[in-house]
Amino acid sequence: MWCHQCGTPNADGAAVCTNCGTKLAEPEKPGWVQPASHPAQQQQWGQAPQQRGAQPAPVAVPNYLVQSILTTIFCCLPLGVVAIVFSSQVNTKVAQGDFAGAAEASKRARMFCWISFGLGLVSMVIWSAFVVAAITRGEF
Amino acid sequence: MQQVLLRGRAAFSRLTTIATLGALALACAFLYAFDPVTSGLYPVCPFRAVTGLHCPGCGTARAMHSLLRGHPADAFGFNLLAMLLLPVVLLLVVDAKTRERAASMDPRLMWGMLAVVVAFGVLRNIPLQPFAALAP
């Protein structure tokens, strides 16, 4: 069972959402679509309600903008910028009512955040090896 | 099944928090121990290596070293913008990790920050006072 407020998966028959505390017993609102096709994107980075369009999004679409900015600064700048571009498309598309497009942009933003993070991690590991080698040689 | 998924998510969230705090502590220890001005352990800024100009981030390592060593005035001199954005970035991270429902950041705030970063990058390369004071 999915929370209609924030999209978090909850145990079937749960009274309230474990993430946001919304009552789950209510009948589904008309127009709300079960986000079964995007369970993966609802994971670790948290969810977000969108209130910028004329009507609220049927599914909360996280824009991952904070994560995109952090990976741009700390991990891999070029790919972090790609993530930021997709992140900024999420809100625009929700405002236009293009929820499928928003979900797609959200998914891509998340993917580029992880790629950027992975590349940053790899370069940090290589650099750490260089640092350890330099310190053991007594060069610092 | 969904209970297992929820427990997995909570465990992953804790893991990322611990990993983030660990990386932060390691970074602070490293920046405290080694002075970027004299140590050869720090990587060179690729932007500066190619263009010879100061990028908006140049001086951040020196600023953090100064701050950790208890010289905040020097820190502001090395990179004013990094020092001003430091609390903002920390707040964003804490907010994203602690909110029950993490709010998506407004893209207008991002565009505003980007404009400030680019403007800072341009101004600190002008070799005239008072702009030269912004260079590291």
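Letters A, B, ... are given to chains in the order of the sequence lines, protein chains preceding strands, and every chain is numbered from 1.
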Quick one, T60(B) and M64(B) - any side-chain contact, counting heavy atoms below 4.5 Å?
yes
If only atom types and distance count, is the side chain of T71(A) paired as donor or acceptor with the main-chain N or O of S68(A) below 3.5 Å?
yes
Can you name the residues that form a salt bridge (charged side-chain N to carboxylate O under 4.0 Å, His left out) with R137(A), not counting sequence neighbours?
E139(A)
Kindly compute the distance separating CZ (R108(B)) from OG (S88(A)), expressed to the nearest 0.5 Å.
13.0 Å
Counting heavy-atom pairs under 4.5 angstrom with chain A, the leader among P43(B), A33(B), A23(B) is P43(B)
Kindly determine whether V89(B) and I69(A) satisfy side chain to side chain contact (heavy atoms under 4.5 Å, CB included), including the steps that lead there.
CA-CA 9 Å; V89(B) 171; I69(A) 291 173; over 6 Å; no
Find out whether P136(B) and R124(B) are in side-chain contact, i.e. whether some heavy atom of one side chain is under 4.5 Å from a heavy atom of the other.
yes
Any residue of residues 110-117 of chain B which, by heavy atoms, sits under 4.5 Å from chain A:
M110(B), W111(B)
Report yes if some heavy atom in the side chain of R62(B) is under 4.5 Å from a heavy atom in the side chain of V37(B); otherwise report no.
yes
Going by heavy atoms in the side chains, are S106(A) and Y64(A) under 4.5 Å from each other?
yes
Could you name the residues of residues 115-128 of chain A that have a heavy atom within less than 4.5 Å of a heavy atom in chain B?
W127(A)
Mark yes or no for whether R69(B), through its side chain, and D35(B), through its backbone, hold a donor-acceptor pair below 3.5 Å.
no
Would you list the pairs meeting ring pair (Phe, Tyr, Trp, His ring centres under 6.0 Å) in which at least one residue belongs to residues 37-92 of chain B, sequence neighbours left out?
F30(B)-Y42(B)
